[in-house]
Amino acid sequence: MLELGLDDETAGLLASGRVATDEVHLVKDRLLAINQRPTDLRGGPPGSVTTLRDSTELRALSGRAEVARERLNMLYDAGVGIGTSLDVSRTAEELAELAVPRFADFVTVDLFDAVLKGEEPKPGTALRRAAVSGIRKDAPLYPLGERIRFVSTSPQARSLITGQSVVEPVLRAAPGWLAQDARRTGQVVEYGIHSLITVPLRAGSLVLGLANFWRSEKPQPFDAEELALAEELVARAAVSIDNARRYTREHSMAVALQRSLLPRSLPEQGALDIAYRYLPAQAGVGGDWFDVLPLSGARVALVVGDVVGHGLHAAATMGRLRTAVHNFSALDLPPDELLGLLDELVGRIDQDETPADGAAVTGATCLYAVYDPVSRRCTVARAGHPPPVLVRPDGEVEFPEVPAGPPLGLGGLPFETVDLELAEGSSLVLYTDGLVEDRDRDIDVGLELLRDALRRARGASPEETCRTVLDRLPARPSDDVALIVARTKVLGADRVAEWRVPSDPAAVAEVRASVARRLDDWGLEEVSFTTELILSELVTNAIRYGRGPIGVRLLRERTLICEVSDGSTTSPHLRYAASTDEGGRGLFLVAQLAERWGTRYTPNGKIIWAEQPLP
């Protein structure tokens, strides 16, 4: 048997005469399937019948079928595993992770910077390494985040120029690739990386970047069949990367629009120490907004709101509401009346406008609060919005009972206000529902978490309080979040002066003298003449055209504020007096001398006020 070239095991099988069915033996370089049956099982002559079938080619076919099956599995995994998120960098990482180690030992993905920002690629600019994956971490390839400019002879540059894939089966013998970076390419070859496929990431007519497949542990270089597989993998990834790029662009534009509609900085005011945060939603822009509005008499209005829905239409509607609040607040309307006007506005928007996608805005919520640092009173009204949180100076946290009211846009129901008396150093926390609501928990749980966070922030500044509250949120919340933390200040009695004025023109001189003395006490002699002139005109008008009681109040805050109150609701109007008129120039003088002036109405009449900058 050995003379026939059979190995000991195969020869032993044939000499034994035992039963064998398709028993496979490797004889030299051939694969033999042996079948053997004894001839004396049913009384025949002793011996055996043996057949030997050469199955070497069948084994090769089976091996190729297994390779084809693995490649089909890889393409299937690419279809379900690449593009799971609308994030450009993450999609590039998914391509790199899928191909290692099943197809390549190392994979790198390089994208144009513009693509990472959501813009169309700019040919001729450098690329940035967006993803790196490998069987080891110490490969001397360009690291993640590196900006790379490929030389014209490199396979990467040729691939970008032609839009075709390039195979370098033996990197050691590829002068064009070696010229990219002599020191680094030498380290790559010395490390053992020996073969490369570079494939352009094409999406239509755009080339977004490159995918590079490297081999070191697998001894065989890349071949034509593997090039086809690499191109198929990259083609699928390119579609997902382009989708993520387009989403990034649209989302960035929407966020930019939304942020442009929100306040870029807080206005100057002395009644509150304020910090705020705004976090856009992960799923897209929403309609959350906030504002801080200085009012007359050193008062400040705080407002937060939330337009129902997401997208550009919600953001645009939010901008319209914010503009409306600015205009209504200039009228010094009470919070409940202001919400009533907003309710009518949202109702008209819902009735008159339907966006192209048919997703009409179905309402909005809002909370409006006005704080007066003189009386320490805060008047609050809300329309379907989460309640405010009050943190007392001793750290006690409570949710004041403020009637909810219907959301804006429903119409037909009045809104109610609540007056809160706030001690100096209290914090008023306003927020949108994204802070406390989540699909995984009830809103009551979110409110308790907010309460606990504010307790932990006891004694902290508004900025630190914002950080403490938001630390418990995910990095990218599912809904927009707007947060305002306002710590109250008080305008003390030493900076307020008040007088009652009889309805007698002779009392004007006495008021001027009293005001002059108070300004001397405050060290404001420089503005004494101007202030006396303004008060003379306002008090004279109140005596002549208004009705009692008449009062004068001076406030020394960031500006010097003069207020004259009376019991009439008739509003004065600025006009140009003719040369023959004996009067009508008083308000014109006030408007010229004051930095700002205006009228606000009270339950008992009106107040005409004027502000002057302090010297």
Side-chain angles (χ1 to χ4, degrees), residues 267-274 292-302 332 334 369-379 393 419-426 428 486-502 507-539 541-543 546 548-567 590 593-615:
E268 293 185 4
Q269 48 82 33
L272 298 166
D273 183 12
I274 298 177
V292 178
L293 307 169
L295 303 177
S296 64
R299 298 168 305 132
V300 177
L302 301 175
D332 261 318
V370 176
Y371 174 67
D372 186 346
V374 178
S375 64
R376 297 185 291 109
R377 178 176 298 170
C378 183
T379 305
D419 287 335
L420 307 175
E421 188 169 329
L422 307 182
E424 184 174 10
S426 301
L428 192 65
R487 178 168 295 173
T488 61
K489 301 178 182 178
V490 173
L491 198 64
D494 59 330
R495 294 194 290 170
V496 180
E498 295 183 89
W499 298 272
R500 285 291 180 189
V501 181
V508 176
E510 184 178 346
V511 171
R512 294 182 60 166
S514 300
V515 168
R517 287 193 296 270
R518 179 52 60 94
L519 293 178
D520 287 344
D521 295 339
W522 286 346
L524 300 178
E525 298 88 350
E526 293 182 35
V527 296
S528 180
F529 175 77
T530 305
T531 305
E532 290 180 46
L533 185 56
I534 290 174
L535 283 176
S536 292
E537 297 297 336
L538 295 182
V539 172
N541 281 346
I543 293 174
I550 299 173
V552 172
R553 186 170 74 161
L554 285 185
L555 305 176
R556 181 169 63 89
E557 202 224 10
R558 293 181 308 103
T559 59
L560 180 64
I561 304 171
C562 306
E563 295 181 344
V564 175
S565 60
D566 69 83
V590 171
L593 296 174
E595 189 175 59
R596 293 195 312 150
W597 75 280
T599 304
R600 72 173 183 268
Y601 294 93
T602 67
N604 301 317
K606 68 176 182 296
I607 296 174
I608 305 176
W609 54 271
E611 292 185 7
Q612 302 173 74
L614 294 177

_Heavy-atom side-chain proximity of Val374 to Arg553 below 4.5 angstrom_ = yes
*About how many Å separate CH2 of Trp597 and CG of Leu538, when rounded to the nearest 0.5 Å?*
8.5 Å
_Within the 4.5 Å heavy-atom criterion, are Val590 and Ile608 side-chain neighbours or not?_
no
_For Thr488, is there any backbone N or O sitting under 3.5 Å from a side-chain donor or acceptor partner on Ser426?_
no
_In the structure I gave you, are the side-chain heavy atoms of Leu302 and Val292 within less than 4.5 Å of one another anywhere?_
yes
*Taking the side chain as every heavy atom from C-beta outward, state whether Lys606 and Asp566 have any atom pair closer than 4.5 Å.*
yes
*Check whether any side-chain heavy atom of Leu535 sits under 4.5 Å from a side-chain heavy atom of Arg512, and report yes or no.*
no
*Starting at CD1 of Ile561, measure out to CG of Leu491 and round the result to the nearest 0.5 Å.*
8.0 Å
*What distance do Tyr371 atom OH and Leu428 atom CG have between them, rounded to the nearest 0.5 Å?*
10.0 Å
*asked:* Using a 3.5 Å distance criterion without hydrogens, assess whether the side chain of Arg299 forms a donor-acceptor pair with backbone atoms of Ser296.
replied: yes
*asked:* Please check: side-chain N/O of Trp609 versus main-chain N/O of Ser565, any donor-acceptor pairing under 3.5 Å?
replied: no
_By salt bridge (charged side-chain N to carboxylate O under 4.0 Å, His left out) - contacts of Glu595 (at least two apart)_ = none
*Result of checking Val539, Val511, Val501, Ile607 against Val564 for side-chain contact (heavy atoms from CB on, under 4.5 Å)*: Val539
*Can you measure from CG (Asp372) to CG (Asp419) and round to the nearest 0.5 angstrom?*
10.5 Å
*asked:* I'd like to check Leu554 versus Cys562 (side-chain heavy atoms, cut-off strictly below 4.5 Å). Are they in contact?
replied: yes
*Begin with the C-alpha distance, continue with both residues' side-chain angles, and end with the deciding distance and a verdict on side-chain contact (heavy atoms from CB on, under 4.5 Å) for Ile274 and Gln269.*
CA-CA 10 Å; Ile274 298 177; Gln269 48 82 33; 3.7 Å; yes
_To the nearest 0.5 Å, what is the distance between CG on Leu614 and CD on Glu526?_
10.5 Å
*asked:* Quick check for you: to the nearest 0.5 Å, what is the distance between Asp332 atom CG and Leu293 atom CG?
replied: 10.5 Å
_Side-chain H-bond candidate by donor/acceptor type, Ser536 with Glu532, under 3.5 Å_ = no
*asked:* Can a donor-acceptor pair be found, under 3.5 Å and without considering hydrogens, that links the side chain of Arg376 to the backbone of Leu422?
replied: yes
*asked:* Using every non-hydrogen atom in the two residues, find where Ala271 and Ala298 come nearest and quote the distance to one decimal.
replied: CB-O, 3.6 Å
_Are Thr559 and Arg596 packed together at the side-chain level, in the sense that at least one heavy-atom pair is separated by less than 4.5 angstrom?_
no
_Sub-4.5 Å side-chain heavy-atom contact between Leu555 and Glu563_ = yes
*Quickly, which of Val527, Ile534, Leu533 forms a side-chain contact (heavy atoms from CB on, under 4.5 Å) with Thr531? Name it, please.*
Val527
*asked:* If you compare all heavy atoms of Ser528 against all heavy atoms of Leu519, which two are closest, and at what distance to 0.1 Å?
replied: CA-CD1, 3.6 Å
*Can you tell me if Glu557 uses its side chain to pair, donor with acceptor, with the backbone of Gly270 under 3.5 Å?*
yes
*Residue pair Trp522 / Val496: nearest heavy atoms and the distance that separates them*: CZ2-N, 3.9 Å
*Would you say Tyr601 has more than 12 foreign heavy atoms packed within less than 6.0 Å of its OH?*
yes
*asked:* Show the nearest heavy-atom pair for residues Arg518 and Ala497, with the distance to one decimal.
replied: NH1-CB, 3.2 Å
*asked:* Does atom CD (Glu424) have a neighbourhood of more than 12 heavy atoms from anything else shown, all under 6.0 Å?
replied: yes
*Is a donor on one side and an acceptor on the other found under 3.5 Å between the side chain of Arg558 and the backbone of Glu268?*
yes
